[in-house]
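Data first, discussion second: the structure below is written as structure tokens.
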Amino acid sequence: MKNKEIAKIFDEMGDMLEFLGENPFRARAYKRASQIIYGLPEDIENLYKSGKLSEIKGIGESIIQKVGEYLDKGKISAYEEYRSKIPEGLLELLSVPYIGPVTLRTLYKTLHITNFDELIKACEDKMLRNLPNFGPKKEENILKGLLRFKEQTFRHPIGLIYEDISKLLEDVKKIEGVIRAEVAGSFRRMKETIGDIDILASGENPARIIKSFTKLPLVKEILSEGETKSSVLLTSGIQADLRVVDDISFGACLQYFTGSKNHNVKLRGIAKDKGLKINEYGVFEGDKLIPCPDEDIVYRTLGLVWIPPEMREDNGEIELAQKNELPELIGYKDIKGDVHVHSTYSDGGETIRAMAESAIKKGYEYIVITDHSQSLKIAKGLEIERLYKQMEEIDKLNKELAPFKIFKGSEVDIKHDGSLDYSDEILKKLDFVIASIHSGFKDDEKKITKRVLSAMENPYVTMIAHPTGRIINSRDPYNVNIIEMCKGASKTNTYLEINAYFDRLDLNDINARIAKEYGVKFCIGTDSHNSIQLNMMIYGIGQARRAWLTCDDIVNSRHLKDFEKLIRIKRK
DNA sequence: GCCGTTTTCGGCCCGACTGTTTTCAGTCG
């Protein structure tokens with residue numbers, strides 16, 4: 001599937017046009033097309049061939065022609081032409097704070113800057129301050145931005161900063177004069193990674209609230225401080241922004257700062273068509289303010305129903321909200337049990353009993369213990385003897401802990417030839433078999449897809465875990481053909497996992513949405529190796545909500561009895 | 001470059017903050 005690579009080219013073309021000083025709306029059109037293509041729940045090649053690409057808003061004649069050119073020849077001549085005009089690596093500087101297209105163009109044309117190191121040197125040599133519209137302060141900021149950029153090139157996985165953010169929010173809520181406070185931005189949309197933290201507060205005397213905010217213990221450096229808005233750098237190195245408004249504008253402001261940008265741009269377009277104007281203070285009819293203390297009023301005023309934040313990416317959710325046809329997403333409390341849990345039998349840190357008791361405390365009805373299989377020596381994979389011993393222990397515990405149920409499972413390796421790490425005779429004895437790839441990540445598409453497909457053909461395999469193997473900020477997905485995998489899963493009634501572990505979150509939102517189109521059902525599993533990690537379930541649910549999944553799609557949102565039936569469905 | 005039951009041309013979201021200016025350009029979200 002070439003969606004991602006094509007999206008990347010159009011994104012870059014947008015940057016190039018901006019840099020070259022072309023019509024900014026043309027640049028934006030490319031970027032928009034890029035985002036649309038990136039989020040497509042279907043293979044772009046199919047859409048192109050069936051002529052359905054032209055039905056998508058934001059994709060016009062010129063983009064379609066270029067998509068065709070890429071599918072045909074593997075490159076786009078317009079892109080190649082722009083690229084020949086711009087030094088390699090120069091556009092990376094657009095990601096540096098304080099450097100936009102205009103600044104970069106000036107730097108390139110006057111000082112002939114073409115990369116990161118040259119720009120650092122120019123700043124240190126004080127070469128920037130005498131350029132038109134530059135000064136010492138701007139030079140200093142750019143240097144700071146460069147150093148910050150060098151330190152922190154990755155976005156933060158949501159699971160790593162969730163607790164920090166919750167703590168910061170608590171601190172903001174305690175500031176004198178604050179009436180309400182919420183975290184907005186990509187955090188509220190439950191994106192798998194977070195760039196910076198957006199906090200929104202309402203209260204009287206915003207300037208005083210801003211002042212208190214900049215003095216919170218977590219704050220390392222103040223980047224900007226105004227009457228209603230401030231940006232700071234936290235001790236953890238993450239940027240946090242606070243915006244303070246009157247309580248009557250809280251809903252409008254929360255809507256506005258939750259984004260995404262594309263979602264908001266479209267909403268504003270709708271407002272405009274209705275003769276209204278939206279900004280962070282509310283909806284305006286001429287000069288008349290329609291107060292929006294709560295977010296749903298913004299949507300209602302525009303003739304829409306309220307849209308869950310996780311869906312706000314302008315991927316079709318606005319059109320559904322206009323028709324009141326939004327799916328009822330799985331809720332954060334709808335999961336009835338965890339299907340991917342390790343114990344001390346393999347590489348987990350706690351006993352089966354400890355994990356089960358923690359699950360009971362969370363209100364779960366069941367868990368599936370899925371320790372590694374024999375050949376994964378590095379993780380103390382279970383030889384058959386120990387697997388039997390584990391089964392006995394689970395039987396005993398189940399008598400004691402009923403009606404809570406521990407299912408006997410295993411995370412079984414898919415070997416290089418596509419066979420599984422236990423024989424069918426053994427697998428038959430388990431309630432829930434996870435098959436997953438832990439080796440041969442570099443296999444080509446054909447081979448790795450075949451491995452996964454043949455695992456799914458096995459009647460005892462219940463689910464494929466972390467189906468693309470990617471690790472956020474660390475390992476690219478292996479080259480499995482998503483569409484073939486989805487077809488296979490659907491055909492064989494094999495579930496696909498949404499792995500909730502903070503740096504996996506795999507399937508991700510886009511792939512899970514594609515899978516749903518093919519009729520695939522899912523389980524969300526935390527891959528926990530200790531009881532605290534059971535809490536990561538929320539990140540998996542967030543990813544599922546971003547994929548528009550409902551309880552009907554998620555097998556472990558079912559109560560024990562139904563779940564038990566659904567995990568046996570293949571064996572009949 | 002995209003879009004349009006008012007338009008096939010002329011629009012394209014909107015405001016805060018900073019640093020440079022002396023009324024505004026650039027960046028950011």
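Quick note on labels: first sequence line is chain A, next is B, and so on, each numbered from 1. In what follows, every heavy atom counts, from backbone to side chain, and hydrogens, waters and symmetry copies are set aside.
Comparing B:dC9 with B:dG15, their C1' atoms are spaced 29 Å from each other, to the whole Å. Comparing B:dG11 with B:dT6, their C1' atoms are spaced 14 Å from each other, to the whole Å. Across the P atoms, B:dT21 and B:dT27 are found 15 Å apart, a figure rounded to whole Å. Nucleotides B:dT20 and B:dA25 have their C1' atoms positioned 8 Å apart, rounded to a whole Å. Taking atom P on both B:dT8 and B:dG4, the two are 13 Å apart, rounded to the nearest angstrom. The same atom, C1', is picked in B:dC2 and in B:dT7; the two are 14 Å apart, to the nearest Å. For B:dC13 and B:dC28, the C1' atoms lie 14 Å apart once the distance is rounded to whole Å.
Across the interface with DNA chain B, nearest-nucleotide mapping of A:Lys57 and A:Asp198 shows A:Lys57 to be the residue nearer the 5′ end. Toward the 5′ end of DNA chain B lies the nearest nucleotide of A:Ala29, the other residue of the pair A:Asn264 and A:Ala29 mapping further downstream.
Heavy atoms of A:Val96 sit under 4.0 angstrom from primed sugar atoms or phosphate atoms, though from no base atom. If you check every strand for non-hydrogen atoms under 4.0 Å, A:Pro132 touches nothing. Among the atoms of the strands shown, only primed sugar atoms or phosphate atoms (P, OP1, OP2) are found under 4.0 Å from some heavy atom of A:Ile59. In this structure, A:Ser231 reaches neither bases nor backbone, as no heavy-atom distance under 4.0 Å exists between it and the strands shown. Among the heavy atoms of the strands lying under 4.0 Å from A:Arg243 are primed sugar atoms or P, OP1, OP2 only; no base atom is included. Using a 4.0 Å heavy-atom cutoff across all strands shown, A:Pro206 reaches no nucleic acid atom at all. If you check every strand for non-hydrogen atoms under 4.0 Å, A:Lys261 touches a base.
Under a 4.0 Å N-O distance rule, the pair A:Glu310/A:Lys191 does not qualify as a salt bridge. We find that A:Lys121 and A:Asp125 are joined by a salt bridge, their nearest charged nitrogen and carboxylate oxygen being less than 4.0 Å apart. Contact check on A:Glu280 versus A:Arg243 returns a salt bridge, with a Lys/Arg side-chain nitrogen under 4.0 Å from an Asp/Glu carboxylate oxygen. Comment: A:Lys229 does not engage A:Asp241 in a salt bridge, judged by the lack of any side-chain N to carboxylate O separation of less than 4.0 angstrom.
The nucleotide whose nearest atom lies closest to any side-chain atom of A:Lys229 is, among B:dG29, B:dC2, B:dC17, B:dC17. Which of B:dT20, B:dC14, B:dG4 sits closest to the side chain of A:Lys277 comes down to B:dC14. Closest to the side chain of A:Tyr30, out of B:dG19, B:dG1, B:dA16, is B:dG1. If you check B:dC17, B:dG1, B:dG29 against the side chain of A:Ile63, the one that comes closest is B:dG1.
Contact annotation: A:Tyr256 side-chain N/O to B:dC28 OP1/OP2 distance is not under 4.0 Å. For A:Lys66 and B:dG1, the shortest distance from a side-chain N or O to OP1 or OP2 is below 4.0 Å. A sub-4.0 Å separation between OP1 or OP2 of B:dT27 and a side-chain N or O of A:Thr103 is present. For B:dG19, the OP1/OP2 oxygens have no side-chain nitrogen or oxygen of A:Asn133 closer than 4.0 Å. Side-chain N/O atoms of A:Ser186 include none lying less than 4.0 angstrom from OP1 or OP2 on B:dG29. In terms of phosphate contacts, A:Tyr98 brings no side-chain nitrogen or oxygen within less than 4.0 Å of OP1 or OP2 of B:dT27. Distances shorter than 4.0 Å separate some side-chain N or O of A:Asn279 from OP1 or OP2 on B:dG15. Taking 4.0 angstrom as the limit, A:Ser62 places a side-chain polar atom (N or O) nearer than this to OP1 or OP2 of B:dG1.
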Would you sort out whether A:Arg470 and A:Glu192 count as a salt bridge (charged side-chain N to carboxylate O under 4.0 Å, His left out), showing the intermediate values? CA-CA 13 Å; A:Arg470 68 92 180 250; A:Glu192 60 193 29; 2.8 Å; yes
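Base pairing of B:dT8: no nucleotide in any strand meets the Watson-Crick or G-U wobble criterion (both distances under 3.5 Å).
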Exercise answer: donor-acceptor pairs, residues 39-51 of chain A side-chain atoms, under 3.5 Å, sequence neighbours excluded:
| from | atom 1 | to | atom 2 | distance (Å) |
| --- | --- | --- | --- | --- |
| A:Asp43 | OD1 | A:Glu45 | N | 3.0 |
| A:Ser50 | OG | A:Asn46 | O | 3.0 |
| A:Ser50 | OG | A:Leu47 | O | 3.3 |

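A:Arg268 places its CZ atom 15 Å from the P atom of B:dG29, with the value rounded to the nearest Å. Rounded to whole angstrom, the span from the CG atom of A:Leu302 across to the P atom of B:dC13 amounts to 15 Å. Rounded to a whole Å, the CD1 atom of A:Ile76 is 14 Å from the C1' atom of B:dG1. When rounded to the nearest whole Å, the span between NZ of A:Lys144 and P of B:dT27 equals 18 Å. We find that CG of A:Asn262 is positioned 15 Å from C1' of B:dC14, with the value rounded to whole Å. Protein atom CZ of A:Arg155 is 10 Å distant from nucleotide atom P of B:dG29, rounded to whole Å. Computed from coordinates, the A:Phe257 CZ to B:dC28 P distance equals 15 Å when rounded to whole Å. In this structure, A:Asp241 atom CG and B:dT18 atom P are separated by 12 Å, rounded to whole Å.
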Tabulated below should be each protein N or O lying under 3.5 Å from an N or O of nucleotides 5-12 of chain B; please produce it.
| from | atom 1 | to | atom 2 | distance (Å) |
| --- | --- | --- | --- | --- |
| B:dC12 | OP1 | A:Lys272 | NZ | 2.8 |

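Among all heavy-atom pairs drawn from A:Ala544 and A:Ile554, the shortest one is CB-CD1, 4.2 Å. Between A:Gly58 and A:Ile36, the shortest heavy-atom distance links the atoms CA-CD1, 4.0 Å.
Geometrically, A:Lys85 does not engage A:Tyr82 in a cation-pi contact, judged by NZ or CZ lying under 6.0 Å from the ring centre and within 45° of the ring axis.
In this pair, A:Tyr162 and A:Tyr539 present their aromatic rings perpendicular. The plane angle is above 60°, beyond the 30 to 60° band.
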